[in-house]
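All chains are named by letter (A, B, ...) in the order of the sequence lines, taking the proteins before the strands, and each is independently numbered beginning at 1. None of the values given here were measured: they were computed from a predicted structure.
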Amino acid sequence: MSKAAALRARSGWRYRGNVALRTLAGTVGAYAVAALAAMLLARALPMGRLEAVTVATMLSYLFAPAVSVWAFLARGPWVALGGVVALSGLLAGLVWISGGFA
Amino acid sequence: MSGASAMVRDGVRQAMAWLHGWTGLLLGYVLFVMCLAGTLSVFKPEIGRWMRPEVTAQADSKSAIVAATGWLSKNAPGSTGWYLTAPDGRANTVEASYDQGTDYLYRALDPVTGAPVVRETLGGEFFYRLHFELEIPYPWGRLLASLAAMVMLVALVTGIIAHKRIFKDFFTFRPAKGQRSWLDGHNATGVLAMPFHLMITFTGLLTLASLNMPWPISAGYGDKVMEMYEALAPGAVTRPAAGKPASLAPIAPMLTAAEHEFGGGHVGRVYVFNPGDAASVVTVYQSDADTVGYMRGQASFDGGTGRLLKSWVERRPAMRTYQVIYGLHMARFAPMGTRWLYVLGGAMLTLAISTGMVLWIAKRRERQPLSIGNRILERLNVGVITGVPLGAVAYFIANRLLPIGMAGRPEAEVSVALWTAAVAVLAGLVLRPAIGWPLMMGLLAVACVLAAVLGPVWSTEPVLLVGNLLFLAMAGALALIVRRQMRRRNAPTPARRRMREQPA
């Protein structure tokens, strides 16, 4: 791919849409996955309530950047967004089963 | 050629380089302020000493607390709480927050008399608060700081993935080669201290966890958050005021008893709730200088009788882990050598951010003329990178020049710092960068010299001496950079020997 072609590929609306979707998945989506996973762990970890909450909180900061990076590596923007939505949905379901959202 | 698949073909590394650039750009200036203020906060106690040169007396933590509570009993008995931090050999004053039927005041109390120090100043507390509150009201400042820290975590991880030769880049520096030099500088400061950068970002996020990640707390505790705070510090006691006035029992025996409860640890913080009331409570926290773990133990006493109510030394493994992570960020445990390593790491991160911001422009300038947006960024770089340190130095100068006893003196010092930084950012926008850089850096050097002279420069008191020398060293380094810039600008343009462009 020539330099000029690469520049052109990086300015079209499809490219912008691609970036926008991945950004959405990598920011809001990554945070949602981290928060929901932490909620689930806070309930599920086999230790005292405060300790489970604390460990879940600490781990959440590892989940978020992992999902952010993945959103920009996924096959396509819709895969990134779909993956994050599916994972959030699964986690939200498990949180709901484990005792609701508050 | 479809744009949608361009990113995939660009390959993993390019995608990460792209993400690294944009995340860095988005909150780069906020991160720059946070890193600079955080680096200065490592020396918060020493900054306090430089800014309160009249206080030369020193007292051990217990007698300083006794002096402070003695003065407060006479001057703020109706307060809802006295929040005291004892001196620890680094700071020599008691840091106190209390109310006198008004808003909460922050004062440094003399370790012998217990009265507020005549030269009223926030000292290092200004940089400490700026580091995570950014002079923005609660909770927005802390939320912005959290957001910036999350962005930084992504920028770090993507920066690592974007690297081809992470080991070789340690040793690569190609000076005076435009974009390449900035890239090498960015890599050196970013990569060399990478473990520190990752540690400080992760631990920093955790210090604000209850704001930026409250969801596991609500999953575990619902709306009974008070239960969590009770479980977090089982040695703390909260109880309502009785409404009957009473005086405090002598505090020294309580401090000794608390140290016994801590197994020989030292007194760090002392909180006195409803001090003039019959139901007053004195809670003593162990010094954070004792262990890496933060807020390791606490003991609470009945204020009227001095009887021990509850005490706790943390042993739960998960909570110890949390406290160690928290303590790693605060660095209050750190002995002198480690403290300088923290400053070095913080300075490198600050430099990595500023070189990254400059690199963004250098890279684009070499490809094509800068767009209007990038031209504004280029000038913002000048204003922010020189203006924020200029504001910090102005804060020190104001500390020496504002009259002692002036009303609202601590706030005036902060105003000087913020207005100086604001004017510097404006100047950076107005001036051509080729003139702005050397001019503003020259100004910063002059300000550093002025601060050292006002120190005063002939002082032999160790903290003042080291502080003044650091100001002078900073001025010297800046002068060298400015001289090089001027010389390069005046020299005839050398033949370009640039190699062919390669993406970073």
Side-chain angles (χ1 to χ4, degrees), chain A residues 1 3 5-19 22-23 26-27 30-32 34-43 45 47-62 64-66 68-69 71-78 95 98-102, chain B residues 1-10 12 14-16 18-19 22-23 147 149-158 160-161 201-206 209-210 212-223 227-232 234 316-319 321-323 325 367-368 501 503:
Chain A
M1 178 158 61
K3 200 113 203 169
L7 277 176
R8 231 177 300 123
R10 283 182 163 235
S11 53
W13 66 268
R14 294 196 63 159
Y15 178 77
R16 277 159 203 259
N18 182 345
V19 170
R22 287 176 193 266
T23 304
T27 53
Y31 185 80
L36 288 164
M39 288 181 87
L40 186 63
L41 285 175
R43 295 237 175 89
L45 286 173
M47 47 183 97
R49 186 154 55 141
L50 179 66
E51 287 159 279
V53 166
T54 307
V55 172
T57 305
M58 293 191 279
L59 290 176
S60 70
Y61 299 118
L62 300 180
S68 286
V69 170
F72 284 84
L73 295 182
R75 187 92 54 78
W78 292 107
V95 170
S98 74
F101 280 95
Chain B
M1 152 134 344
S2 93
S5 58
M7 192 173 295
V8 182
R9 260 201 313 273
D10 279 356
V12 172
Q14 269 88 342
M16 289 297 109
W18 179 92
L19 185 55
W22 278 97
T23 49
L147 181 68
M150 285 187 195
V151 164
M152 172 107 118
L153 203 53
V154 175
L156 285 173
V157 173
T158 52
I160 295 170
I161 302 175
T201 311
F202 179 77
T203 56
L205 268 172
L206 196 70
S210 63
N212 62 39
M213 190 49 73
W215 316 110
I217 297 174
S218 65
Y221 286 90
D223 52 6
E227 282 180 29
M228 184 195 72
Y229 285 108
E230 280 161 25
L232 206 55
R316 295 168 288 187
M319 303 319 292
T321 309
Y322 169 75
Q323 290 181 342
I325 292 177
R367 282 187 196 149
Q368 57 197 318
E501 286 272 332

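Contacts between A:Thr57 and chain B at a heavy-atom distance below 4.5 Å involve backbone atoms as well as side-chain atoms. Residue A:Val55 touches chain B through its side chain alone, counting heavy-atom pairs closer than 4.5 Å. For A:Ala64, no part sits under 4.5 Å from any heavy atom of chain B, backbone or side chain. Contacts between B:Leu156 and chain A at a heavy-atom distance below 4.5 Å are absent for every atom of the residue.
Remark: side-chain polar atoms of B:Tyr221 are paired, donor with acceptor, to backbone N or O of A:Leu50 under 3.5 angstrom.
Counting heavy atoms from C-beta on, the side chains of A:Met47 and B:Arg316 never come closer than 4.5 Å.
Nearest heavy-atom pair across B:Ala318 and A:Thr54 is O-CG2, 4.3 Å. Listed here is the closest heavy atom pair of B:Gly220 and A:Val53: CA-CG2, 4.0 Å. Between A:Ala42 and B:Pro216, the shortest heavy-atom distance links the atoms CB-O, 3.6 Å. Taking every heavy atom of both residues into account, B:Met150 and A:Tyr31 meet most closely at CE-CE1, 3.8 Å. Smallest separation of non-hydrogen atoms from A:Ser60 and B:Met213: OG-CG, 3.3 Å.
Once rounded to the nearest 0.5 Å, the distance linking OG1 of B:Thr321 with CE of A:Met58 reads 5.0 Å.
The residue among A:Val69, A:Val95, A:Leu41 with the most heavy atom pairs within less than 4.5 Å of chain B is A:Val69. Ranking A:Ala66, A:Ala30, A:Ala38 against chain B, the residue ahead of the rest is A:Ala38, based on heavy-atom pairs under 4.5 Å.
For A:Ser98, the side-chain hydrogen bond (donor to acceptor under 3.5 Å, both in side chains) criterion is met by A:Arg43, not counting sequence neighbours. Every side-chain hydrogen bond (donor to acceptor under 3.5 Å, both in side chains) that A:Tyr61 has, sequence neighbours left out, goes to B:Asn212.
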